[in-house]
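What follows is a single structure, written as structure tokens, with notes after it.
Lettering of chains follows the sequences in order, A, B, ..., and the numbering in each one begins at 1. What you see below is based on every heavy atom in this structure, not just the backbone, and it leaves out hydrogens, waters and symmetry mates. Treat the numbers as computed from the prediction; the structure is a model and nothing was measured.
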Amino acid sequence: MIYYCCEKDWESVLTCIYEAWTQKRGQANIQLIFEPVVQYTLFDEYIHVKADTALAEKVVDAVNRKLSPQFYYEIAHVGMYEAPDVADVLFRVLLLGFAYGPYVLEMVQYKDIMRFREMRCSIGNEISHFREFTRFHEVNHRYVAIIEPRSRIIPALAEVFLDRMPSESWMIADLTNRMAVVHPKDGFYQFVDLTAEEMERLMEIEKNNDRMEVLWKIFFETTAIQERKNERCQKNLYPIWTRKHAVEFMEMRTEKQTCCENENVL
Amino acid sequence: MFCIFEKRLEKANKCSYNKNNKSRTNIRMVIEMGQSVPAVTLEKSIEEKLKILSDAAKYDVACTSSGSDRRGQKGMLGNSVAAGVCHAFAADGRCISLLKILMSNHCVYDCKYCINRKSNDIARATFTPQEICELTVEFYRRNYIEGLFLSSGVLNNPNETMEKMCQTLRLLRTVYHFNGYIHVKAIPGASAELLYSAGLLADRISLNMELPTQASLGKLCPNKHMNQIIRPMNCISETIAVNRIAHGKTARLDRAGINRHLENSIFGETSRRIEANAAQSLQTMRFQYPAERMDALLHRDFAPAGQSTQMIIGATEETDFELIRTSQQLYQSFDLKRVFYSGYIPINDDTALPEIGTPVPLLREHRLYQADWLMRFYGFHANELLSEEQPFFDRHIDPKCEWALRHLGDFPVEINRASYDQLLRVPGIGPTGVKKIMSARRYGSVNFDMLKKMHIALKRAQYFITCNGKMLYPIPISQNFIRNQLTDLDRVEIAKIEGNTVTYQQMNLFRDFHMEGQA
Ligand code: SF4
């Protein structure tokens, strides 16, 4: 078996797919895996693939031209998903795609397509969770959110919030993957990697709650009807792991009372 | 870093984090200006008001932000997503999508079931338009909500109340540049012109029917008459239709795509009335264009997310059959987007009402929603689900299973050959499942393993389907056997709805197998 190993970011995955495709070593003999490789075996070959923007773009172009932009949209989503077999499944789905055309995604008779659709469904759910439960804090008229998702969903969230708040300055920091997206008012967003120090400073923001956060907590609590209380249902729809940075479940700590006064936090 | 969706990196501006935010300064100026206008109740803090007015609004069930699809725009705040977005789930498990508040809980009416009725001695408050706008945009920016749900008690008279609500929405749309979702309640008795203004400013407009017959309305709402509800409802539905035609759309609202494949759905042959009325209204020009229309800032559709209503369950004697028949009529005649059902919560001590402490009819409400779904997405009619002889839904089993058990002769259906209609009527298969099956069928035959992966609820469906001529397990197609199996599945569901823990009954040999005599 020949193992093509790469990092988890999208550029590396696409480069890895490109290498695996062009080297033509026979698809039954190869597998795409993520680094770090936990255990090397003696008789297998391991090829490390380094991210290469030019090669990755070749794959993007090929998919867009030969299949469809919609197809690219789908694989880009699965590319964000956190699972060990993502690169391998994407490689095989692309092989099937180039053989049968863009409608291959409906051929659930192939087990790779089935797995692909499962992953697409999971990542879709995770994105909608965070589209719903991401909470911004106001700092100096800028809005900063901290999230801890399982997958690398920041690019999808950036698109969502670009449409929602095009004329605000906002930033979403993903602590799991140590990256952030920064959107200037009326501009286009940018991705940045976060340093440990930056992450610590960001965490500080949640330690002080402004007036709107207090008001939101009041609203959140009063709008529930006590006679209909059903925590199980709430847990089901609002999973505990997504609540970590949700203002409504935090203890309110208000050092300063109004939202306009806490301008010196950052 | 590599941009995953488009290669727009070159275009990306450098982060301009330190620029001044002009629009916010403008807003603050407006607020300061607005605050010089004398407000109705200045003495209460905004925290207190929010507590009172969200508490008073919580009994309204409609909290969806769906039905309107609008992209964001530079210079504006917000967008709207057709499917709606829930932003949190409250302790009662209900979704919080909109900032649901009353403008005021002062009310000159005295509806018996309502917490805000005139005769109740409760804390009262009224928001100023600026306070509502500020709360909405600040909550929206923090991603707490998808928009505003604005209702109100009747302040002095319906027109005055509606006017104040329109004023608030106008401020929100034009000065605060809010482009998100707005759901506004129409006050029964308000003038057509004000309703028109409200519809232009909001995405959805709704009028609560509360009780389906004049008799119960007369009993519980001495100040309201059915005509005060039906007439504006009709007026709104015609205006929506006319407005849609003027924008080159069909007179009727777009319904879930699946309805296109169903011959006998409730939205099928009945569309004539809406279209005929719309054509008539266009000719007679009955609709006045109020000030909003002249406003260059507001080239908006009239209530693009349609109209909805709500009915209270369990406060009066109506049967489930009467309720769903009324809903069907509302969908067909007024093209309502949604009918909501709200299990009555006894809050007022009144002889005409269930006494305080009566449990909320949660399960009944759930069954009605299921039936409502069956009418809107599955092509069922009210009289297929219930009848005069059987006017209530079964407590133990859902309406679709109940229907299937009464029609066992139509089953099992073959997954690889059945039509849309047939597949949709199989318990455990929904519109999404049907679409998946249909698309997979084009490329080869479908088996149980694939159904499982498609998330088809085989626990229910297995009794009613075959794949390539075979059932999942050899099961006797007998009504009693299947009913028992399905009842068992529903027990867990019912416990979830009623918020209890499931108490699995300890199997008792003597009781369950009728062996008392032999022991
Ligand atoms: S008019 Fe509305 S707020 Fe007033 S008492 Fe009746 S239901 Fe309550």
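Between atom CG of residue B:Asp92 and atom CD of residue A:Gln226 there is a gap of 8.0 Å, rounded to the nearest 0.5 Å. Separation of atoms SG (A:Cys121) and NE2 (B:His455) is listed at 5.0 Å; rounding is to 0.5 Å. Here the CD atom belonging to A:Gln234 is positioned 9.5 Å from the CZ atom belonging to B:Phe89, to the nearest 0.5 angstrom. Atoms CD and OG, on A:Gln109 and B:Ser445 in that order, are 7.0 Å from each other to the nearest 0.5 Å. Separation of atoms OG1 (A:Thr222) and CD1 (B:Ile52) is listed at 10.5 Å; rounding is to 0.5 Å.
There is no side-chain donor-acceptor pair under 3.5 Å between A:Thr223 and B:Ser54.
In this structure, the portions of B:Arg71 lying under 4.5 Å from any heavy atom of chain A include both its backbone and its side chain. Looking at A:Glu221, there are no atoms closer than 4.5 Å to chain B (heavy atoms on both sides), in backbone or side chain. Both the backbone and the side chain of A:Arg131 come within contact range of chain B, each with at least one heavy atom under 4.5 Å from a heavy atom of that chain. Heavy-atom distances place both the backbone and the side chain of A:Glu227 under 4.5 Å from chain B.
Contact count against chain B (heavy-atom pairs under 4.5 Å) is highest for A:Ile225 among A:Ile154, A:Leu237, A:Ile225. With respect to chain A, the highest number of heavy-atom pairs below 4.5 Å among B:Ser80, B:Gly78, B:Cys86 belongs to B:Cys86. In terms of non-hydrogen atom pairs under 4.5 Å with chain A, the most contact-rich of B:Leu99, B:Val360, B:Leu135 is B:Leu99. Of the residues considered (A:Arg117, A:Arg135, A:His137, A:Glu118), A:Arg135 shows the highest number of contacts with chain B, using heavy-atom pairs under 4.5 Å. With respect to chain A, the highest number of heavy-atom pairs below 4.5 Å among B:Ala56, B:Pro359, B:Ala91, B:Gly75 belongs to B:Ala91.
The closest side-chain heavy-atom distance from B:Glu365 to A:Arg228 is below 4.5 Å. In this structure the side chain of B:Lys453 never reaches within 4.5 angstrom of the side chain of A:Val108, judged on heavy atoms. You'll find the side chain of B:Tyr144 stays beyond 4.5 Å of the side chain of A:Leu215, heavy atoms only. The shortest distance between side-chain heavy atoms of A:Arg211 and B:Glu138 does not fall below 4.5 Å. Between B:Leu77 and A:Glu168 the shortest side-chain heavy-atom distance falls below 4.5 Å. The side-chain heavy atoms of A:Met212 and B:Glu134, taken from C-beta on, include a pair separated by under 4.5 Å.
Here A:Asp210 pairs with B:Arg142 in a salt bridge; the nearest charged N to carboxylate O distance falls below 4.0 Å. Classification of B:Glu47 and A:Lys217 as a salt-bridged pair fails, no side-chain N sitting under 4.0 Å from a carboxylate O.
For B:Lys51, the NZ atom sits in a loose shell: 12 or fewer heavy atoms of surrounding residues, nucleotides or ligands are nearer than 6.0 Å.
Side chain of B:Arg141 to main chain of A:Phe136: no donor-acceptor pair is present (N/O by atom type, distance under 3.5 Å, no hydrogens or angles). Using a distance-only test at 3.5 Å, with no hydrogens or angles considered, no donor-acceptor pair links the side chain of A:Glu248 to the main chain of B:Ala88. A:Asp163 places a side-chain N or O within 3.5 Å of a backbone atom of B:Gly72 that can act as its donor or acceptor partner. No side-chain donor-acceptor contact under 3.5 Å links A:Glu106 to the backbone of B:Ala440. A donor-acceptor pair is defined here as one N or O able to donate and one able to accept, closer than 3.5 Å; such a pair exists between the side chain of B:Asn143 and the backbone of A:Thr134.
A:Tyr103 does not carry B:Arg442 over the face of its six-membered ring by the limits of under 6.0 Å from the centre and within 45° of the normal.
Considering every non-hydrogen atom in both B:His87 and A:Phe133, the closest pair reads O-CD2, 3.4 Å. Nearest heavy atoms, A:Arg164 versus B:Ile145: NH2-O, 2.8 Å.
Ring orientation note: the planes of B:Phe139 and A:Phe219 are tilted relative to one another, at an angle of 30° to 60°.
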